[in-house]
Amino acid sequence: MFNRIKIANRYSLLFAFISWFLTFSFFLRIIFTIWQYDEVSFNLFTVIGTFLTGLFYDIGTISFIIIPSAIYYFVFPNRWIGSWIDKILVWFFTSLTIFILVFTFFAEITFWDEFKTRFNFIAVDYLIYTHEVIANIQQSYPLPILVAGVLSITGLIIFTYYKLNIFKETFSTTASLKDRTIVLATTIITALFFSIFITNNQAEWSSNRYNAEISKSGIYSFFAAFRNNQMAYNEFYTSVDDKVAFDVIRNKLNDKNSKYQTEGLSIHRKITDTTNQEPSKKNVVFILVESLSTSFMKEFGNKENITPFLDSLAQKSIFFDNLYATGTRTVRGMEAMTLCIPPTPGQSIVKRPENQNLYTVSNVFKSKGYNSNFFYGGDGYFDNMNAYFGGNGFTIYDRGRGSVLSDKIKTVRNNINDDEVTFENAWGICDEDIYSKMIKVADEHYKSNKPFFNFVMTTSNHRPYTYPDNAIDIPSGTGREGAVKYTDYAIKNMFEKAKSKPWFKNTVFIIIADHCASSAGKDEIDVANYHIPAFIVNFPEGLNQKVKKQCSQIDIFPTFFSMMNWSYESNFFGKDIFQSNFEERALVGTYRKLVLMKKEQVMILSDQKKQAFYSWNKQDNSLKQLPMNKNFLDETISWYQTADYLFTNKLLK
């Protein structure tokens, strides 16, 4: 009994720290549950399961956190306990660790506010791109108040420990080698157990996505995402024989206008125009709009009138009103639009190593004599954009801070200068400024009699939602609605400027969202939050129409190339939507969930080699489980397995 008391006293600070962490984690779950009260399941067993699962993962998390302390207590000589060096080390590292963890709890709340999820691979990215993230936090939140709050809570916890004599007990009692060994061994065994046998995915026990996310530990989720940014398809997902998968997809992609160039594990084909019309040489301005959900448009029922220009454009363009984004990140939209490929598991190809010299839409434009240019209002090192676009044939125009492209990238990088900027925030220059830069470059190409393909990535529709004052009737920085309305205003302003240019009549404008403003929902995939608008503008008026077919981002450029009467080489998974044999479908996903949707049927592949089949109710955006359909499952597997195979085996060339 005496030995047990000595352990309790020597380790009283460690035990108090563990208790504090578990308590704060518990209250954080309560906060998230109340926050999503209209989405979480309040079934008694589900609630109990949510909090017990959370406690389990919190124990795993704290076991990793306290390993340094357990080692310290084990190796620190008993005769020095309570010495000045002991007190300095314990006080300093206890205070620092509590400060970091309190800050992390605050960060989890802001992350949940943005993404309605625990830390994931987005948080990993945020750790890398510190300039944009820190600037965004400074411009979005009252940072001094937050830091002061973190310091105050940290001080209060430390003061409580002091008043409860916890520090005094820690510095006044020794522990035997046996006792120290027990504590260290218990800590390490617990951490090893979680490392070897427990995955973060196992926290997703509930069919309600919010309950599953609340069950997780944010820190545990962060490091799980850090380890699993890239996922080999065959290792994590249900698969079929590669030849079977390619046979399925080659059959889906084949039509009377295409001919495969090789047999076997390839989709490379020659697509031949059969209209007997002269190929067009129209310039192309492609605008990938940040976070433009269909729910913002009056066309889809919005009552706030925040997209008046885009709503008018929907009536006088080729407007796709049943189109779905492949993912929930900008890099997924870029991947889908340039490679015309389903979302491969893990990180987007834009951010992966060895993603240069791929066969992208730029290759098709280059074969027709076009110059391809990429415009971004921030620093294109963010999300690896410069490396990807520069490595795949695009000339870069971005707002750099001195970073340079790798010497291996054979392209030119042009800086957007200060005198070309009227407004700038954490993510880059405002949309009006990036459009002005694009128009300036288009003028230069026109003078040199060179057709151009200008790819513009916008930034204004993003937190902190700031834009030039007095541009619209909603004050800058007040919320998403203002950012959306400014986005719409800037596109209108761009068209007004472009119409005065001699190249305008011979230029087609393609406008599409990169992803929706939100992707979270109570089901494992929130289908409605992948629904995005797309416009093809400035073709002859007789071609204008509202396209009702269900389709994907990956289909836009194959459709456009067909409208241009082009014959070309293709390594694309997308198809011409206007073909009579086009089979309606959408391919969507997260970095872990892979989905094939056909009309109202949805197949979801999960990374534990699991799959689920649902019917989707468009009216209330709910999923209802269906009996498994093997043919549907095999097709779903084939889309994603072949896409992963081609990239992994360097066949997207």
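Note that this is a predicted model, so its numbers are computed, not measured.
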**Student:** Can you check side-chain hydrogen bond (donor to acceptor under 3.5 Å, both in side chains) on Thr338 and Tyr388, steps first, answer last?
**Tutor:** CA-CA 10 Å; Thr338 55; Tyr388 175 75; 2.7 Å; yes
**Student:** Which of parallel (below 30°), tilted (30 to 60°) and perpendicular (above 60°) describes Trp427 and Phe382?
**Tutor:**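 The rings of Trp427 and Phe382 stand perpendicular, inter-plane angle above 60°.
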**Student:** I'd like to know if the side chain of Asp514 reaches the main chain of Thr458, judged simply by a donor and an acceptor atom lying under 3.5 Å from each other, with no hydrogens or angles considered.
**Tutor:**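 Side chain of Asp514 to backbone of Thr458, a donor-acceptor pair under 3.5 Å: no, none is there.
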**Student:** Please check if the side chain of Asp383 supplies one atom and the backbone of Val331 the other of a donor-acceptor pair under 3.5 Å.
**Tutor:**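 It does not hold such a pair.
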**Student:** Mind checking whether Phe99 and Phe103 have parallel, tilted or perpendicular rings, split at 30° and 60°?
**Tutor:**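 Phe99 and Phe103: parallel rings.
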**Student:** Output side-chain donor-acceptor pairs under 3.5 Å for residues 68-78, partner residues at least two apart or in another chain, one line each.
**Tutor:**
from  : atom 1 : to     : atom 2 : distance (Å)
Tyr72 : OH     : Asp86  : OD1    : 2.5
Asn78 : ND2    : Ala175 : O      : 3.2

**Student:** If you look at every heavy atom in Glu335 and Ser348, which pair is closest and at what distance?
**Tutor:**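 So the two residues come closest at OE2-OG, 3.3 Å.
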**Student:** Should the pair Phe194 and Tyr57 be assigned to parallel (<30°), tilted (30 to 60°) or perpendicular (>60°) ring geometry?
**Tutor:**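 Perpendicular: the ring planes of Phe194 and Tyr57 meet at over 60°.
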**Student:** Quick one: do Ile219 and Phe222 satisfy side chain to side chain contact (heavy atoms under 4.5 Å, CB included)? Show the steps, please.
**Tutor:** CA-CA 5 Å; Ile219 298 171; Phe222 176 87; 5.6 Å; no
**Student:** I'd like to know whether Ser460 forms a side-chain hydrogen bond (donor to acceptor under 3.5 Å, both in side chains) with Glu290, so could you lay out the CA-CA distance, the side-chain angles of the two residues, the decisive distance to 0.1 Å, and finally the verdict.
**Tutor:** CA-CA 7 Å; Ser460 292; Glu290 174 68 43; over 6 Å; no
**Student:** Could you please spell out the steps behind the side-chain hydrogen bond (donor to acceptor under 3.5 Å, both in side chains) verdict for Thr117 and Trp112?
**Tutor:** CA-CA 5 Å; Thr117 183; Trp112 187 278; over 6 Å; no
**Student:** Shortest non-hydrogen contact from Arg10 to Thr173?
**Tutor:**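 Between these two residues, the closest heavy atoms are CD-O, 3.1 Å.
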**Student:** Check Ala528 against Cys516 and note the closest heavy-atom contact, atom names and distance.
**Tutor:**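 Smallest heavy-atom distance, with atoms named: O-SG, 4.4 Å.
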**Student:** Is any side-chain heavy atom of Tyr233 less than 4.5 Å from a side-chain heavy atom of Thr648?
**Tutor:**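 Sidechains of Thr648 and Tyr233: no contact.
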**Student:** Do Asp398 and Asn415 pair up side chain to side chain, a donor and an acceptor below 3.5 Å, judged on atom types alone?
**Tutor:**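 Their side chains do not contain a donor-acceptor pair, so the 3.5 Å distance test is not met.
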**Student:** Can you check whether Asn384 reaches Asn355 side chain to side chain, under 4.5 Å on heavy atoms?
**Tutor:**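 Sidechains of Asn355 and Asn384: in contact.
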**Student:** Do Asp418 and Arg399 have side-chain heavy atoms sitting under 4.5 Å apart?
**Tutor:**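 They are in contact (side-chain heavy atoms under 4.5 Å apart), so the answer is yes.
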**Student:** Could you tell me the separation between the CZ atom of Arg180 and the OG1 atom of Thr174, rounded to the nearest 0.5 Å?
**Tutor:**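 Between atom CZ of Arg180 and atom OG1 of Thr174 there are 8.5 Å.
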**Student:** Give a yes or no on whether the backbone of Glu39 and the side-chain of Asn208 come within a donor-acceptor separation of less than 3.5 Å.
**Tutor:**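 Yes.
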**Student:** Which atom names give the shortest non-hydrogen contact between Ala483 and Tyr465, and what distance separates them?
**Tutor:**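 Smallest heavy-atom distance, with atoms named: CB-CD2, 3.8 Å.
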**Student:** Within the 4.5 Å heavy-atom criterion, are Ile166 and Phe15 side-chain neighbours or not?
**Tutor:**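 No - every pair of side-chain heavy atoms lies 4.5 Å or more apart.
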**Student:** Are side-chain heavy atoms of Phe647 and Arg352 found at a separation under 4.5 Å?
**Tutor:**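 Yes, side chains in contact.
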**Student:** Over 60° means perpendicular and under 30° means parallel, so tell me whether Phe171 and Phe167 are parallel, tilted or perpendicular.
**Tutor:**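 Ring orientation, 0 to 90° scale: parallel.
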**Student:** Could you tell me whether Tyr237 and Tyr640 have their ring centroids closer than 6.0 angstrom?
**Tutor:**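 Not under 6.0 Å, so no.
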**Student:** Around Ile145, counting heavy atoms of other residues, nucleotides and ligands shown, do more than 12 lie under 6.0 Å from its CD1?
**Tutor:**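 Open: at most 12 neighbouring heavy atoms sit under 6.0 Å from CD1 of Ile145.
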**Student:** With sequence neighbours excluded, what pairs up with Ser476 under the side-chain contact (heavy atoms from CB on, under 4.5 Å) test?
**Tutor:**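 Scan of Ser476 (side-chain contact (heavy atoms from CB on, under 4.5 Å), adjacent residues dropped) gives Thr466, Tyr467, Asp469.
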**Student:** Side chains of Gln641 and Asp242: do they bring a donor and an acceptor to under 3.5 Å?
**Tutor:**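 The answer is yes; a qualifying pair exists.
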**Student:** For a side chain to side chain contact (heavy atoms under 4.5 Å, CB included) check, start with the C-alpha distance between Tyr530 and Thr326, then their side-chain angles and the critical distance, and finish with the verdict.
**Tutor:** CA-CA 7 Å; Tyr530 288 82; Thr326 62; over 6 Å; no
**Student:** Quick check on Lys168: does its NZ atom have over 12 non-hydrogen neighbours (other residues, nucleotides or ligands) under 6.0 Å away?
**Tutor:**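 No, NZ of Lys168 has 12 or fewer neighbouring heavy atoms, counting only those of other groups under 6.0 Å.
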**Student:** Does Asp58 come within less than 4.0 Å of Lys216, counting only side-chain N to carboxylate O?
**Tutor:**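 Looking at Asp58 and Lys216, the cut-off is not met.
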**Student:** For the OG1 atom of Thr23 and the CG atom of Leu28, what is their distance to the nearest 0.5 Å?
**Tutor:**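 Answer for the OG1-CG pair, Thr23 versus Leu28, is 12.5 Å.
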**Student:** Counting only heavy atoms not in Phe93 (residues, nucleotides, ligands), do more than 12 fall under 6.0 Å from its CZ?
**Tutor:**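 No.
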**Student:** Output yes when a side-chain donor or acceptor of Arg592 lies under 3.5 Å from a complementary backbone atom of Asp607, and no otherwise.
**Tutor:**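 No; judged by distance alone, with no hydrogens or angles, the pair does not exist.
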**Student:** Can you name the nearest heavy-atom pair linking Asn621 to Val527, along with the distance?
**Tutor:**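 Smallest interatomic distance, heavy atoms only, reads OD1-N, 3.8 Å.
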**Student:** When you look at Ser41 and Asn211, which way does the side-chain hydrogen bond (donor to acceptor under 3.5 Å, both in side chains) test go after all the steps?
**Tutor:** CA-CA 7 Å; Ser41 170; Asn211 287 86; 4.8 Å; no
**Student:** Taking the side chain from Thr170 and the backbone from Leu13, do they hold a donor-acceptor pair closer than 3.5 Å?
**Tutor:**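 Yes; judged by distance alone, with no hydrogens or angles, the pair exists.
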**Student:** Verify the neighbour count for atom CD of Gln202: are there more than 12 heavy atoms of other residues, nucleotides or ligands below 6.0 Å?
**Tutor:**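 Correct, the count exceeds 12.
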**Student:** Taking it one step at a time, do Asp379 and Arg413 satisfy salt bridge (Lys or Arg N to Asp or Glu O under 4.0 Å)?
**Tutor:** CA-CA 11 Å; Asp379 191 331; Arg413 177 169 182 258; 3.6 Å; yes
**Student:** Would you check if Val595 and Leu587 make a side-chain contact, meaning some heavy-atom pair closer than 4.5 Å?
**Tutor:**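 Val595 does not reach Leu587 side chain to side chain.
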**Student:** Which donor-acceptor pairs under 3.5 Å do side chains of residues 153-162 form with protein atoms, sequence neighbours excluded?
**Tutor:**
from   : atom 1 : to     : atom 2 : distance (Å)
Thr154 : OG1    : Val150 : O      : 2.8
Thr160 : OG1    : Leu156 : O      : 2.7
Tyr161 : OH     : Ala16  : O      : 3.2

**Student:** So, the side chain of Asn200 versus the backbone of Ala224: is there a donor-acceptor pair under 3.5 Å, distance only?
**Tutor:**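 Between the backbone of Ala224 and the side chain of Asn200 there is no qualifying donor-acceptor contact (under 3.5 Å).
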**Student:** Decide side chain to side chain contact (heavy atoms under 4.5 Å, CB included) for Leu594 and Thr636; before the verdict, give the C-alpha distance in whole Å, the side-chain angles of both, and the deciding distance to 0.1 Å.
**Tutor:** CA-CA 8 Å; Leu594 307 174; Thr636 307; 5.8 Å; no
**Student:** For a 4.5 angstrom cut-off between non-hydrogen side-chain atoms, does Tyr376 reach Thr459?
**Tutor:**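 In contact.
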**Student:** Using the six-membered ring wherever Trp is involved, compare the ring planes of Phe111 and Phe119 and label them parallel, tilted or perpendicular (cut-offs 30° and 60°).
**Tutor:**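 Rings of Phe111 and Phe119: perpendicular, over 60°.
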**Student:** Tell me if the NZ atom of Lys609 is crowded by more than 12 foreign heavy atoms within 6.0 Å.
**Tutor:**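 Yes.
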**Student:** Check Leu605 against Gln611 and note the closest heavy-atom contact, atom names and distance.
**Tutor:**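 Shortest heavy-atom contact: CD2-CB, 3.9 Å.
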**Student:** With distance as the sole test, does Asn43 use its side chain to make a donor-acceptor pair with the main-chain N or O of Phe45 at under 3.5 Å?
**Tutor:**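 Checked: pair present.
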**Student:** Keeping the roles fixed (side chain from Asn649, backbone from Leu646), state whether a donor-acceptor pair exists under 3.5 Å.
**Tutor:**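 No; zero donor-acceptor contacts below 3.5 Å.
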**Student:** Would you check if the side chain of Thr46 reaches a backbone N or O of Phe42 as a donor-acceptor pair within less than 3.5 Å?
**Tutor:**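 Judged by distance alone, no pair lies under 3.5 Å.
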**Student:** Could you verify whether a donor N or O on one side chain and an acceptor N or O on the other, from Thr190 and Ser63, lie under 3.5 Å apart?
**Tutor:**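 Judged by distance alone, the side chains do not pair up.
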**Student:** Hey, does the side chain of Lys116 reach the backbone of Asp113 with a donor-acceptor pair shorter than 3.5 angstrom?
**Tutor:**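 Answer holds: yes.
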**Student:** So, do Thr181 and Leu184 sit near enough that their side-chain heavy atoms are less than 4.5 Å apart?
**Tutor:**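 No, too far: nothing below the 4.5 Å cut-off.
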**Student:** Consider side-chain contact (heavy atoms from CB on, under 4.5 Å). Of Met334, Arg329, Arg332, which one does Val350 pass it with?
**Tutor:**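 Result for side-chain contact (heavy atoms from CB on, under 4.5 Å) with Val350: Met334.
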